[in-house]
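These notes concern the structure reproduced below.
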Number of protein chains: 2
Amino acid sequence: MENKTENNEAKILNAAKNIFQQKGMTGARMQEIADKAGINKALLHYYYRSKQLLFEAVFNQAFKIIAPKLGAVLNSDLPLFDKIKQFTQGYISFVIEHPYLPGFIIHELNQNPEFAQQLTKKKHFPNIQKFQKQIEQAVKMGEIKPISPNQLFVNIISLTVFPFVGAPLLKGMTNLNDAAYNDLLSSRKTEVSDFIINAIKQEK
Amino acid sequence: MENKTENNEAKILNAAKNIFQQKGMTGARMQEIADKAGINKALLHYYYRSKQLLFEAVFNQAFKIIAPKLGAVLNSDLPLFDKIKQFTQGYISFVIEHPYLPGFIIHELNQNPEFAQQLTKKKHFPNIQKFQKQIEQAVKMGEIKPISPNQLFVNIISLTVFPFVGAPLLKGMTNLNDAAYNDLLSSRKTEVSDFIINAIKQEK
DNA sequence: ACTTTTGCTAACCATTTGGTTAAACTATTT
DNA sequence: AAATAGTTTAACCAAATGGTTAGCAAAAGT
């Protein structure tokens, strides 16, 4: 029975993940989630009480999956260029497997800026201080061209994440079909870090 | 009386713009739009028939504002580096004035990929062929390092747009308050093109 | 065996929501 | 001034939606 329970609770969360990530909090319907999970709508409330709580379960899990992946690499002891390579490669690979995740998180944070504020204080929220220091140091040592750590960080995230969030728009503008666009995304596993390193490395 | 009519129709569109761009199609409420416009809800339907049509009016206007701005610069006759400078500077300045616009468009396109497909065929949809050719040429002439035109284009858009779309997240991660983050965005008017040009320019 | 707890569902409920209607009001035409 | 056409609103409606209830079914505890 524990078995069946876990099964249904997990089925609900999975269905909710699907629907919420695709349609957002306001676009999702409890009935649709129940249908996708193959169970009665009342069971959603049995396990998660309300739409809001079910949503938060989905969101927090999504954030818990995606956030530590940010922090882990950035706080490692790798040299700067290796770190950038590993980060972009790892992150792009990960998001290819979860293409709805960044858009979902970003959209919901835009709806609830206060909610975003709270997240900051959570344990698993990525801390980039070490990375910022490392950049400052690299600038000071003349390894890279002068750049503000925050600007470089924003650039790295933008180049990594935006091609997923803005996929329909970019697909349209580049006039690529789905397959070709996926190829382009895949190439970025190495292209992005090359681009960034070219931009900052100090020629001497 | 023409005056008052135009006033109300415009008031509605403005209110709708505000609400839709902030909350999205599914999050917006007709009553809220009516309240913001200071008129009766029935009047929304008098002028725009349905939520869907009102939404499309807002979306198409938004897209008509933002899209030609893309195409104009990219299809000009400027040298590549100047074009990149002018594009990023112009676009960032523009989006600072309309910070909700990119997120709105991107989110709604993600909800309706078919809708995105249709947009492609509209007159004002930005055409980047000339820009792509220009990049190819610059690579061939050895002015810039080898890079696929589409990859460079995606990089430019990502660096320009994402800091607005992902503002709450980036604000949190960089630990900047609103004012400081706005400063960061403003600096990007020149920082972004510097970064890109450093990344691609051919040292000899 | 039987009692209790836990998992699950059909039917129901209250509120919200997009949309309509009929009438009032205002301006324009004749 | 009377008729006409366009604008605006209060009141209303049907459907959708999140949520609840009461009872059944299946384990688990005794």
Side-chain angles (χ1 to χ4, degrees), chain A residues 1-62 104 107-108 110-112 114-115, chain B residues 1-62 104 107-108 110-112 114-115:
Chain A
M1 168 219 151
E2 272 297 300
N3 236 335
K4 208 176 170 190
T5 291
E6 290 248 325
N7 252 339
N8 265 344
E9 192 169 353
K11 262 197 274 182
I12 291 173
L13 198 64
N14 269 332
K17 231 186 290 181
N18 264 282
I19 304 292
F20 276 131
Q21 287 178 11
Q22 218 182 302
K23 311 204 164 178
M25 164 69 176
T26 58
R29 297 290 158 244
M30 293 297 267
Q31 186 60 58
E32 200 180 356
I33 294 172
D35 290 348
K36 182 146 226 160
I39 48 102
N40 190 284
K41 179 163 68 92
L43 207 57
L44 299 186
H45 293 91
Y46 178 75
Y47 283 113
Y48 294 93
R49 286 190 57 97
S50 70
K51 188 186 185 185
Q52 181 64 32
L53 288 176
L54 177 54
F55 169 78
E56 283 171 22
V58 169
F59 184 91
N60 287 329
Q61 191 191 288
F104 169 67
H107 179 248
E108 300 301 337
N110 269 310
Q111 306 297 297
N112 276 45
E114 337 89 51
F115 192 37
Chain B
M1 168 220 152
E2 272 298 302
N3 236 336
K4 208 177 169 189
T5 291
E6 290 248 325
N7 252 340
N8 264 346
E9 193 169 351
K11 262 197 275 182
I12 291 172
L13 197 65
N14 269 333
K17 230 187 288 180
N18 264 283
I19 304 293
F20 275 131
Q21 286 179 13
Q22 220 183 298
K23 311 203 164 180
M25 164 69 176
T26 57
R29 296 291 159 242
M30 293 297 267
Q31 187 60 58
E32 199 181 356
I33 294 172
D35 290 348
K36 182 146 226 161
I39 49 103
N40 189 285
K41 179 164 66 95
L43 208 55
L44 299 186
H45 292 91
Y46 179 75
Y47 283 113
Y48 293 93
R49 285 191 58 97
S50 71
K51 188 186 185 185
Q52 182 63 33
L53 288 175
L54 177 54
F55 169 78
E56 283 172 21
V58 169
F59 183 91
N60 286 330
Q61 191 192 288
F104 169 65
H107 179 248
E108 298 302 336
N110 269 310
Q111 306 298 295
N112 276 45
E114 338 88 52
F115 192 36

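Throughout, a chain's letter reflects where its sequence line sits, starting with A, and its residues are numbered from 1.
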Task: Closest contact, heavy atoms only, B:L53 versus B:Y48 - done: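 Of all heavy-atom pairs spanning B:L53 and B:Y48, the closest is CB-O, 3.3 Å.
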
Task: Minimum heavy-atom distance A:I12-A:I33, with the two atoms named - done: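 Minimum heavy-atom contact is O-CG2, 4.2 Å.
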
Expressed in angstrom and rounded to an integer, what is the separation of [X] atom [atom1] from [N] atom [atom2]?
| X | N | atom1 | atom2 | value |
| --- | --- | --- | --- | --- |
| A:Y48 | C:dG7 | OH | C1' | 14 Å |
| A:F55 | D:dG19 | CZ | P | 14 Å |
| A:K11 | C:dC8 | NZ | P | 8 Å |

Any non-hydrogen side-chain atom of [X] less than 4.5 Å from a side-chain atom of [Y]?
| X | Y | value |
| --- | --- | --- |
| B:Y46 | B:N40 | no |
| A:K51 | A:R29 | yes |
| A:K36 | A:K11 | no |

Task: For A:Q61, all residues meeting side-chain hydrogen bond (donor to acceptor under 3.5 Å, both in side chains), sequence neighbours excluded - done: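 Testing A:Q61 for side-chain hydrogen bond (donor to acceptor under 3.5 Å, both in side chains), a comparison that skips the adjacent residues, returns none.
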
TODO: Within residues 12-36 of chain B, find the residues that approach DNA chain C with a heavy atom at under 4.0 Å, and present them sorted by residue number.
DONE: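 Heavy-atom contacts with DNA chain C come from B:A28, B:R29, B:M30.
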
Open item on the list: Which residues in residues 37-45 of chain A have a heavy atom closer than 4.0 Å to any atom of DNA chain C?
Closed with: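 Result for residues 37-45 of chain A: A:I39, A:N40, A:A42, A:L43, sorted by number.
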
Using residues 13-22 of chain A as the side-chain source, report each donor-acceptor pair under 3.5 Å to any protein atom, sequence neighbours left out, with the distance given to one decimal.
{"residue": "A:N14", "atom": "OD1", "partner": "A:K17", "partner atom": "NZ", "Å": "3.3"}
{"residue": "A:N18", "atom": "ND2", "partner": "A:N14", "partner atom": "O", "Å": "3.2"}

TODO: Describe, in one word, how the ring planes of B:F115 and B:F59 are oriented to each other, choosing from parallel (under 30°), tilted (30 to 60°) and perpendicular (over 60°).
DONE: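 Answer is tilted, since the angle falls between 30° and 60°.
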
Open item on the list: Please tell me if A:N8 has a side-chain N or O lying less than 4.0 Å from either OP1 or OP2 of C:dC8.
Closed with: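 Result: yes.
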
Task: Under-4.0 Å side-chain N/O to phosphate OP1/OP2 contact, B:Y46 with D:dT7 - done: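 Checking B:Y46 against D:dT7: at least one side-chain N or O falls below 4.0 Å of OP1 or OP2.
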
Open item on the list: Suppose we screen for salt bridge (Lys or Arg N to Asp or Glu O under 4.0 Å). Which residues come up paired with A:E32, at least two apart in sequence or across chains?
Closed with: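 A:E32 satisfies salt bridge (Lys or Arg N to Asp or Glu O under 4.0 Å) with A:K23 only.
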
TODO: Please give the angle, rounded to 10 degrees, between the axes at the start and the end of the helix from C:dA1-D:dT30 to C:dT30-D:dA1, where five pairs define each axis.
DONE: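 That helix gives 0° between its end axes.
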
TODO: Measure from the side-chain N and O atoms of A:E108 to the backbone N and O of A:G24, and report whether any donor-acceptor pair falls under 3.5 Å.
DONE: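 A pair under 3.5 Å: no.
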
Open item on the list: If we ignore hydrogens and angles and just use 3.5 Å, is the side chain of A:N112 paired with the main-chain N or O of A:E114 as donor and acceptor?
Closed with: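 Not confirmed, A:N112 side chain does not pair with A:E114 backbone.
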
